[in-house]
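Per chain, numbering begins at 1; letters A, B, ... match sequence-line order.
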Amino acid sequence: MAPQDRLNDQRSGRTGGSTATLEIPVVKGPDDLLRVRDLSVSYGGHQVVTDVSFDLPRGHSLALIGESGSGKSTIARSVLRLLPAGVGRATGTIEVQGQDVLALPERHFRPLRGRTVGFVPQDPSASLNPVRTIGSQAREAAALLPGDLTKADRRRAVVDVLLRVGLDDPERVLASYPHQLSGGMLQRVLIGLAVLPQPALLVADEPTSALDVTIQKRILDLLTDLRDSLDISLLLITHDLAIAAERADSVVVLKDGRVQEAGPTAQVSGAPTSDYARRLHADVPALNPDRYAGLRDVGAARRALSEDEEPKIVVRGVSKTFTVDRKQLTAVDDLSFAVPAGTTHAIVGESGSGKTTTIRLLLGLETPDTGEIIVAGERVDGRSHAQLRAVRRHLQFVYQNPFTSLDPTWKVERLVREPLDRFKIGTKDEQREEVRRAVDAVGLDHTLLGRRPDALSGGQRQRVAIARALVLKPDVIVLDEPTSALDVSVQADIVQVLLTLQADLGLTYVFVSHDLALVRQLAHTVSVVRRGKVVEEGTVAQIFDAPREDYTRVLLDSIPDATHGRREVEPSEKAS
Amino acid sequence: MAQTRSSTTVRKPDARLTRGARRTSSPYLVYALQRVAQAVAVVLLAYCFTFLVISVLPGDPVTNTLRNPENNFTEEEIARIVAYYGLDQPVHVQLWESLSRFLTGDLGVSLRSNLPVSRLIGEIIGSTLVLAVSALVVAVVLAFGIAYGTRNLPAPLARPLRAFPSLFLSVPNFVIGLLLINIFAFQLGLFQVIDSEGPAATFFAAVALGIPVSAQIAEVLIANLDHEARQEYAGFATSRGLSRSRLFWRHLLKPSSLPVVTVVALTVGELLGGALITETIFGRTGVGSLVQRSVTTQDLPVLQAVVVLAAITFVVVNLVVDLVYPLLDPRVDLRGATKRVRPVTEGASA
Amino acid sequence: MTTITTEATEGPQAPGGWKPSALRRGRGSRRVPPLGVVASFAMLLLVVGWSLAPGLFTGQDPARGVPADAFQGPSVAHWFGTDHLGRDEFARVVHGSASSVTSALVAVAIGVLVGGLIGLVAGFIGSWVDVALSRVVDVLLAIPSFLLAVVVVSALGFETINAAIATGVSAVAVFARVMRSEVLRTRRAVFVEASLLLGGSRMHVLLRHVLPNASRSVLNLAVLQFGLSILVIAGLAFLGYGDPPPASDWGLLVSSGKDYPLAPWLVYTPALVTIATVLSANRISRWLRKTD
């Protein structure tokens with residue numbers, strides 16, 4: 001049976017209460033590998049998952065999606081019985097191959113681990129013991145293989161599975177310690193170890209969120225391929241609706257521990273019926289490339305008008321080389337771009353592409369070896385901290401991670417006021433007024449002014465950081481992946497704030513990101529960078545609709561393509 | 001403190017850009033030479049520091065001792081000793097001469113017994129070493145026992161066990177000593193206080209000295225075990241079907257106890273300082289009782305020598321541990337402080 | 001004494017790096033301290049009360065003994081019994097706490113000020129200043145702290161205040177280390193770079209960002225060190241390096257009590273008071289570390 005046909009007689013989960021929206025009545029079928037019924041989980045009296053039910057037939061894949069705090073990982077951990085000892089309490093039933101996992105005593109559940117239920121964790125760099133070689137940990141996994149196998153047999157099985165997951169040199173991998181491999185390779189090792197005992201069900205908890213986009217795609221391809229070839233069912237936990245839409249047969253949307261909507265992927269992602277799923281759908285950049293078209297057009301119009309004006313930012317022939325262990329490492333190589341006033345220029349690249357160094361050069365935190373950087377008519381490069389003070393009034397910065405960029409001992413009001421204090425602008429009353437105005441502009445409530453960052457959510461913190469950047473009324477704001485640490489709905493709010501500000505105040509943005517779908521939503525011009533070099537540059541339309549370079553195409557290809565339902569892996573795409 | 005230590009000893013700028021982590025001999029050699037040079041500097045500075053504390057602080061105990069009629073020094077002897085110690089010279093000259101003698105291995109002469117300090121210390125150092133080493137063994141065994149219990153015993157037993165290190169740290173070590181003597185010597189008669197160097201008495205003295213030290217080791221070990229157990233790899237190993245005890249032995253123990261090696265080395269000072277009190281309580285003759293006697297009689301050369309020897313012991317033990325540690329723990333990359341380095345490209349699998 | 005600073009890691013844990021977001025929100029626990037912490041605060045308050053106004057807690061004169069009452073076990077009249085001269089042991093403990101507590105505070109103050117300054121300067125200025133100061137700290141760390149305290153006190157003279165100074169000197173290294181590493185950590189923090197980008201001067205960053213953040217760990221180390229200093233000072237008093245009798249430092253009380261094995265309460269009562277005080281300080285320090 002082809003997966004698509006299967007989809008039809010599959011009974012997926014029911015929604016929260018009794019509002020089941022599925023066409024197929026719930027009947028217990030022999031095909032059900034995993035049946036979850038009325039699962040509720042609480043931590044020390046605090047309920048985080050409420051009455052969740054769903055089924056996963058053999059050979060299918062099901063995605064649990066939700067934002068942080070939705071309980072999706074808790075459900076995955078419940079299936080694996082990896083809840084925090086002592087505080088985590090799960091009720092309801094979780095049946096794996098007809099056995100109720102929650103009712104089993106530990107010693108009867110343990111044989112199921114690995115052999116029946118495999119697990120692929122989230123962060124590959126932390127998921128292997130750092131002081132033991134991968135070989136010794138693989139031997140441990142091989143011990144789970146059934147039957148009377150010799151040492152050599154088990155070793156061969158390990159080598160085979162590593163080859164199977166696309167690691168070309170298994171011997172080298174086995175002799176390595178985890179820190180000697182890259183994230184993508186480690187994730188392949190983890191998947192290999194998980195499928196080695198040939199489990200019937202594989203639980204993958206955000207298996208790609210710690211990886212670069214192009215590697216992300218390869219890992220997802222691998223999982224899809226293994227599911228098909230080894231007949232493994234996949235329970236995929238993700239925050240990314242686009243990934244779920246692309247990879248899963250059916251989807252369960254969660255919020256605050258309750259099922260919001262469940263059903264076949266095409267239905268949930270194509271025509272969501274619940275409010276939450278609809279909103280989530282609208283917030284995912286990959287699914288809504290033109291969401292902010294109206295706001296963006298303001299900038300585009302400005303760009304057309306200012307064609308002959310001097311660009312706000314000019315970067316010309318900039319290179320920067322670091323010396324590490326007597327080796328030269330070129331972080332940025334002959335980089336040039338220009339940003340017209342009032343527009344957004346995106347710098348897109350994966351890790352190691354020189355994005356971070358570019359930002360630091362732009363802000364005057366590093367000095368380029370060659371080339372020049374001009375912001376609002378003033379040179380940035382080659383100037384001292386004191387000389388840069390004048391430039392910095394026009395040039396502000398928002399960090400990637402709002403959890404580290406705000407001093408935890410300061411209150412919001414003081415944080416936002418800091419730039420005014422430093423530049424000695426205005427009287428106390430005027431400052432208070434400015435702070436209130438900046439806070440209003442980013443849509444923060446005034447009651448939060450007396451709080452410390454610890455008492456704020458991630459989105460609120462990032463708004464504080466933007467307000468702090470705004471309070472000096474700068475012309476240019478450099479944004480370093482300002483939403484990558486945030487949930488997708490929060491990201492949508494922040495992007496809305498940024499674009500509204502740009503339309504109202506004519507701000508110029510340099511927006512650094514690895515997320516092409518997001519860039520497409522908000523930028524006017526794009527530079528694609530790789531290993532410190534600009535691979536391709538142009539307007540958003542040029543880059544996204546008619547890419548000229550292979551690398552750009554690879555990047556674009558890694559945007560999850562949700563429009564066609566589940567992706568079938570073509571033979572050529574399979575891991576080599 | 002283990003954390004602070006590794007961050008100060010394995011320090012290199014901008015580790016983010018370091019590629020790979022294979023250890024070659026040359027960064028290790030550089031590191032080793034740096035560490036050895038540091039150690040030598042610390043010992044020399046420790047000598048100067050002690051000398052200055054003893055001689056600059058108010059009072060001139062040497063002359064006082066010499067002039068004390070009870071000590072029966074003749075004027076001639078006094079002149080000889082004053083000249084020997086250079087007491088008529090300014091302090092920096094005295095320091096220089098004292099330091100030069102130290103570098104040739106001459107620890108000076110006791111003011112009280114007129115014997116070479118090296119001989120005085122040589123006679124009794126064995127007893128203190130036996131005590132300190134046994135105490136260390138007791139401490140390590142006890143600490144690992146407690147840590148094992150907190151992870152592998154059922155919760156009603158494991159929970160109170162977690163309070164033990166804190167309790168051990170709060171009891172003055174002289175109280176532990178007195179308690180042990182009271183129970184095991186006076187009540188149970190397991191050892192005689194008079195036979196203070198016998199094996200039974202030594203054992204209990206080692207327990208008294210080792211208990212506070214074990215608390216420090218156990219605290220770090222428990223914290224490390226908890227930390228490692230929270231790492232994703234422990235969950236991944238559990239998901240592959242490992243039992244609790246196999247997880248402990250095969251996965252958690254090694255990464256948790258490796259950093260403990262440096263903590264054990266740091267407790268050397270504690271052992272030597274604590275020996276002062278333990279030896280007094282158990283009536284043992286050792287370096288501790290020698291220090292006590294020298295303090296009462298203001299026998300400065302002996303004090304100076306003991307302090308410097310203690311510092312040397314501490315420095316050498318810690319030097320050895322720091323030199324061996326990078327070879328034991330694959331996480332330590334001497335070319336950069338970061339433990340997990342992600343190469344710029346995905347590499348072979350791409 | 002060597003202190004060990006590790007993360008307090010009690011509490012719920014899953015096997016694996018994952019922690020449910022419901023448990024991830026910190027801070028909440030600071031509002032309602034656990035019972036043990038409340039009891040610890042009560043114990044320390046009691047001891048401070050003893051040292052400020054001993055007369056309020058005991059009507060007996062610690063120096064005047066009734067020979068007829070010698071060696072009485074603990075009773076309602078004499079909570080902690082009486083000693084060989086018939087003096088009330090409870091009164092002696094209460095009156096002795098002033099000097100034990102004050103000297104521990106003096107020791108901590110020296111450690112915090114001198115060590116904190118060394119650590120701050122070394123961590124913030126860096127380069128050769130850091131190298132030089134780090135070696136000085138290494139020296140202080142290399143000399144066993146109790147031995148160092150003995151040498152310093154014997155150079156200064158056998159008095160309790162000198163014992164306190166000596167204890168403080170031996171604690172300098174620990175404070176310097178913690179302060180230095182905290183400063184280094186904070187200095188690399190993103191929000192510090194942010195402040196520089198917003199136009200802050202180095203001095204501004206040091207005083208307004210680095211110091212407040214670094215002092216958090218130093219505060220809880222100070223509480224911990226208060227307990228440890230009580231132990232060190234008791235040890236020095238036990239060896240007779242503090243004020244001589246009739247002073248009644250806790251260590252001295254244990255020391256004189258040990259000569260009368262038939263009156264064990266003379267050892268156990270001051271010892272228990274010491275243990276309870278130190279344990280309380282440890283508990284509070286642990287709690288501070290956890291809620292930070």
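- Contacts of A:Val203 with chain B are absent, with no heavy-atom separation under 4.5 Å from either backbone or side chain.
- Listed by chain and residue number, A:Glu140 satisfy the salt bridge (Lys or Arg N to Asp or Glu O under 4.0 Å) test with B:Arg240 (two or more places apart in sequence, or in another chain).
- Contact annotation for A:Leu112: neither backbone nor side-chain heavy atoms come within less than 4.5 Å of a heavy atom of chain B.
- Between B:Pro330 and A:Tyr177 the shortest heavy-atom distance is CG-CE2, 3.4 Å.
- Scanning all heavy atoms of the two residues, the minimum distance from B:Ser239 to A:Phe119 falls at OG-CB, 3.3 Å.
- Within the 4.5 Å cutoff, side-chain heavy atoms of B:His251 are placed close to those of A:Arg132.
- The two residues A:Pro130 and B:Tyr233 make their nearest non-hydrogen contact at CD-CE2, 3.4 Å.
- Around atom NZ of B:Lys254, more than 12 heavy atoms belonging to other residues, nucleotides or ligands sit under 6.0 Å away.
- Atom CZ of A:Arg553 has more than 12 neighbouring heavy atoms from other residues, nucleotides or ligands inside a 6.0 Å radius.
- Contact tally against chain B (heavy-atom pairs below 4.5 Å) for A:Thr133, A:Leu186, A:Leu190: the top residue is A:Leu190.
- When A:Pro199, A:Ala143, A:Gly114, A:Ser127 are compared by the number of non-hydrogen pairs under 4.5 Å with chain B, A:Ser127 comes out ahead.
- With a 4.5 angstrom heavy-atom cutoff, B:Arg250 touches chain A via backbone and side-chain atoms both.
- Not counting sequence neighbours, the partners of B:Phe248 by the ring pair (Phe, Tyr, Trp, His ring centres under 6.0 Å) test are B:Tyr148.
- Summarising the geometry, atom CZ belonging to A:Arg107 is positioned 13.5 Å from atom OG belonging to B:Ser243; distances are rounded to the nearest 0.5 Å.
- Between the CG atom in B:Leu242 and the CZ atom in A:Arg113 there is a gap of 10.0 Å [rounded to 0.5 Å].
- Considering CD of B:Gln231 and CG of A:Asn129, their distance stands at 10.0 Å, rounded to 0.5 Å.
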